[in-house]
Amino acid sequence: MFRTGKDNVRAVILPGGPPYTLAFFANDRMDRAENYEAMDLAMFRADEIKRSLAGDGWQEE
């Protein structure tokens, strides 16, 4: 997702698991990582963050 043409964020699920690691990047720097025991929980969390960012004016790339 992006904002103002230069700020960008993304979430990546790292290979392997469980636990499944969901890593968040802001402007190509890792912001944080979270572990989940189930892939559906990791996907739900990524979607939750995406909805929150969209509500704050971020757009999909």
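Values below: every heavy atom of this structure, side chains too, minus hydrogens, waters and symmetry copies.
- Shown here for Glu37 and Pro18, the closest heavy-atom pair between the two residues is O-CB, 3.6 Å.
- The hydrophobic cluster containing Phe25, built from Ile/Leu/Val/Met/Phe/Trp/Tyr side-chain heavy atoms closer than 4.5 Å, also comprises Val12, Leu14, Met30.
- Arg3 has its side chain out of reach of Val9: every pair of non-hydrogen atoms, C-beta onward, lies at least 4.5 Å apart.
- Once rounded to the nearest 0.5 Å, the distance linking OG1 of Thr4 with NZ of Lys6 reads 6.5 Å.
- Counting heavy atoms from C-beta on, the side chains of Met39 and Ile13 come closer than 4.5 Å.
- Between atom CD of residue Glu48 and atom CG of residue Leu53 there is a gap of 11.0 Å, rounded to the nearest 0.5 Å.
- The backbone N or O of Asn8 lies less than 3.5 Å from a partner atom in the side chain of Asn27, making a donor-acceptor pair.
- By the salt bridge (charged side-chain N to carboxylate O under 4.0 Å, His left out) test, Glu60 is found to be paired with Lys50, residues two or more places apart in sequence or in another chain being considered.
- Expressed to the nearest 0.5 Å, how far CD1 of Ile49 lies from CE of Met1 amounts to 11.0 Å.
- The side-chain heavy atoms of Glu34 and Phe24, taken from C-beta on, include a pair separated by under 4.5 Å.
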### Message
Does Leu41 form a side-chain contact (heavy atoms from CB on, under 4.5 Å) with Tyr20? I'd like the steps, not just the answer.
### Response
CA-CA 9 Å; Leu41 292 175; Tyr20 300 96; over 6 Å; no
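- Sorted by first then second residue, the salt bridge (Lys or Arg N to Asp or Glu O under 4.0 Å) pairs that include residues 14-24, not counting sequence neighbours, number zero.
- Between Asp40 atom CG and Arg45 atom CZ the span is 15.0 Å, to the nearest 0.5 Å.
- A 6.0 Å sphere centred on CZ of Arg29 holds no more than 12 heavy atoms belonging to other residues, nucleotides or ligands.
- Tyr36 has its side chain within reach of Leu22: a pair of non-hydrogen atoms, C-beta onward, lies under 4.5 Å apart.
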